[in-house]
Q: 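Okay, here's the structure, questions in a sec.
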Amino acid sequence: MTPMHMIAQFAATGLMAGLMLTILLAAVASPLIAVVSQRLAVRRSKVFYDKCARQIATMGTMVGGVLFASAAAGTAHLAIQHPDLFEGPFRLPVFICVGALALGMVLSTAYTLSWTPLRGNKSLHSLLGGFASVAMLAALFLFLGLAAAMLKPGHHVAPQATTAELLLAVYTAIPDARFWFFLAQCVVGGLGAAGMFAQAYLLMRRNQDDFGRDYYKFALPYCVRWSIAPLLLQLIPASWLAFLLLRPHAAATPLADPAIWLWGAAAVLPITASLLWLRVMCSETPLRHKASIVLAIPLVLVAAAAQATAMLHHMAR
């Protein structure tokens with residue numbers, strides 16, 4: 001099978017994987033951005049930070065709820081279609097991943113719903129948000145670690161292994177530096193994804209949560225900054241990851257190989273989206289640049305899909 005045929009075969013899977021991963025990362029990072037914004041509201045005595053933090057937390061909870069429902073439905077589908085998966089050594093880690101995501105969602109939901117009841121105790125409320133952030137980051141690590149272990153050829157877990165031995169075997173199967181670069185990219189890129197979806201959420205809630213023009217003049221550029229910086233910084237671990245994946249095939253990988261162009265698209269498209277966001281951030285009337293906010297989203301999603309497709313192509317080599 002030629003590289004082009006392999007890319008076409010993985011394109012649909014890469015698109016879905018990129019979309020789901022971007023949503024997952026936004027849900028994971030939203031509580032962290034909300035907590036940081038909430039603390040900035042206290043430190044700088046500016047209520048706009050608190051209002052924006054609440055909207056970001058609400059957005060993250062909604063996105064996370066959809067994601068968790070999809071993950072639960074996907075797990076049930078796998079259990080029906082591939083029952084052998086849940087009879088093997090990965091059964092417990094799969095349920096632990098789902099449970100960790102559920103815990104993160106419960107804490108994130110509690111953090112969002114307790115905004116008004118705990119308004120008089122912002123430290124306690126921020127602590128709750130911190131627990132939600134840690135739980136969501138732990139769920140991300142468990143999910144990516146399990147995926148890495150399941151994709152590693154020849155990984156073996158003894159059938160009589162205890163729970164501790166099973167988890168140790170799974171999470172020591174993480175393959176070298178590539179996993180850690182990808183995890184770093186996901187954590188940093190998740191902040192950018194959360195900032196990106198937060199911009200769209202602010203526009204969608206403009207009529208229901210009308211906090212005044214001055215608020216949106218502050219909040220939209222604030223969310224843009226959370227979008228631009230992380231999405232540009234995540235290109236650093238992504239570049240190292242691409243180098244590690246492409247290096248073994250360097251002698252047989254001319255520029256005509258579509259995998260290189262996919263990695264290039266994964267780098268160029270976030271930069272293009274950032275240029276669109278700069279118009280919003282530098283404008284005195286950011287609400288007039290709705291088109292830039294909306295157009296940037298598919299660019300980032302296509303970039304994630306391009307990288308996912310390139311990684312699937314690498315695994316098939």
Q: Going hydrophobic residue to hydrophobic residue with side-chain gaps under 4.5 angstrom, can you get from Val47 over to Ile56?
A: yes
Q: Taking atom CZ of Arg279 as the centre, does the number of heavy atoms from other residues, nucleotides or ligands within less than 6.0 Å exceed 12?
A: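 Atom CZ in Arg279 is not packed in, count stays at 12 or less.
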Q: State the CD1-CH2 distance between Ile228 and Trp226, to the nearest 0.5 angstrom.
A: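 Rounded to the nearest 0.5 Å, the CD1-CH2 separation comes out at 13.5 Å.
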Q: Can you tell me if Glu284 has over 12 outside heavy atoms packed within less than 6.0 Å of its CD?
A: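 Count not over threshold, so no.
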Q: Should we say atom CZ of Arg213 is surrounded by more than 12 heavy atoms from elsewhere, each under 6.0 Å from it?
A: no
Q: Phe131 and Leu101: same hydrophobic cluster, using ILVMFWY side-chain contacts below 4.5 Å?
A: no
Q: Side chains of Thr58 and Thr112 only: does a donor on one sit below 3.5 Å from an acceptor on the other?
A: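 No.
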Q: Are Val42 and Leu128 co-members of a hydrophobic cluster defined by side-chain heavy atoms under 4.5 Å apart?
A: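 Different clusters.
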Q: Sequence neighbours left out, what passes side chain to side chain contact (heavy atoms under 4.5 Å, CB included) with Ala267? Give chain and number order.
A: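 Partners of Ala267 by the side chain to side chain contact (heavy atoms under 4.5 Å, CB included) criterion, ordered by chain and then number, come out as Leu235.
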Q: Give the C-alpha distance, both sets of side-chain angles, the deciding distance and a yes or no for side-chain hydrogen bond (donor to acceptor under 3.5 Å, both in side chains) between Arg288 and Ser283.
A: CA-CA 9 Å; Arg288 294 183 180 179; Ser283 175; over 6 Å; no
Q: Under the side chain to side chain contact (heavy atoms under 4.5 Å, CB included) rule, collect the residues that match up with Leu113, sequence neighbours excluded.
A: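 Thr109.
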Q: Could you tell me whether the side chain of Gln234 and the main chain of Leu231 form a donor-acceptor pair under 3.5 Å?
A: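 Checking the backbone N and O of Leu231 against the side chain of Gln234, a donor-acceptor pair under 3.5 Å is found.
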Q: Please check: side-chain N/O of Thr285 versus main-chain N/O of Leu287, any donor-acceptor pairing under 3.5 Å?
A: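 Here the side-chain-to-backbone pair does not exist.
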Q: For a 4.5 angstrom cut-off between non-hydrogen side-chain atoms, does Phe179 reach Phe141?
A: yes
Q: Tell me if the centroids of the rings in Tyr222 and Phe48 come within less than 6.0 Å of each other.
A: no
Q: Which other residues end up in the same hydrophobic cluster as Leu276, if Ile, Leu, Val, Met, Phe, Trp and Tyr are linked when side-chain heavy atoms come under 4.5 Å apart?
A: Leu269, Leu295, Leu299, Val302
Q: Would you find a donor on one side and an acceptor on the other, under 3.5 Å apart, between the side chain of Ser227 and the backbone of Cys223?
A: yes
Q: Looking at residues at least two apart in the chain, or sitting in another chain, which of them share a side chain to side chain contact (heavy atoms under 4.5 Å, CB included) with Leu25?
A: Leu21, Leu140, Cys186
Q: Indicate if Met59 and Tyr111 have the same hydrophobic cluster label, given that clusters are the connected sets of ILVMFWY residues with side-chain heavy-atom separations under 4.5 angstrom.
A: no
Q: For Tyr216, give me all partners under side-chain hydrogen bond (donor to acceptor under 3.5 Å, both in side chains), at least two apart in sequence or on another chain.
A: none
Q: Out of curiosity, does Ile297 fall in the hydrophobic cluster containing Leu203 (side-chain heavy atoms, cut-off under 4.5 Å, transitive links)?
A: yes
Q: With rounding to the nearest 0.5 angstrom, report the OG to CE distance, Ser274 to Met281.
A: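 The OG atom of Ser274 sits 9.5 Å away from the CE atom of Met281.
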Q: Run the side chain to side chain contact (heavy atoms under 4.5 Å, CB included) test against Arg119 and tell me which residues pass, sequence neighbours left out.
A: Asp50, Arg54, Trp115, Thr116, Lys122
Q: Measuring from Arg178:CZ to Trp240:CH2, what's the distance to the nearest 0.5 Å?
A: 15.0 Å
Q: Are any side-chain N or O atoms of Ser133 and backbone N or O atoms of Leu32, one a donor and one an acceptor, separated by less than 3.5 Å?
A: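 Yes; at least one donor-acceptor contact below 3.5 Å.
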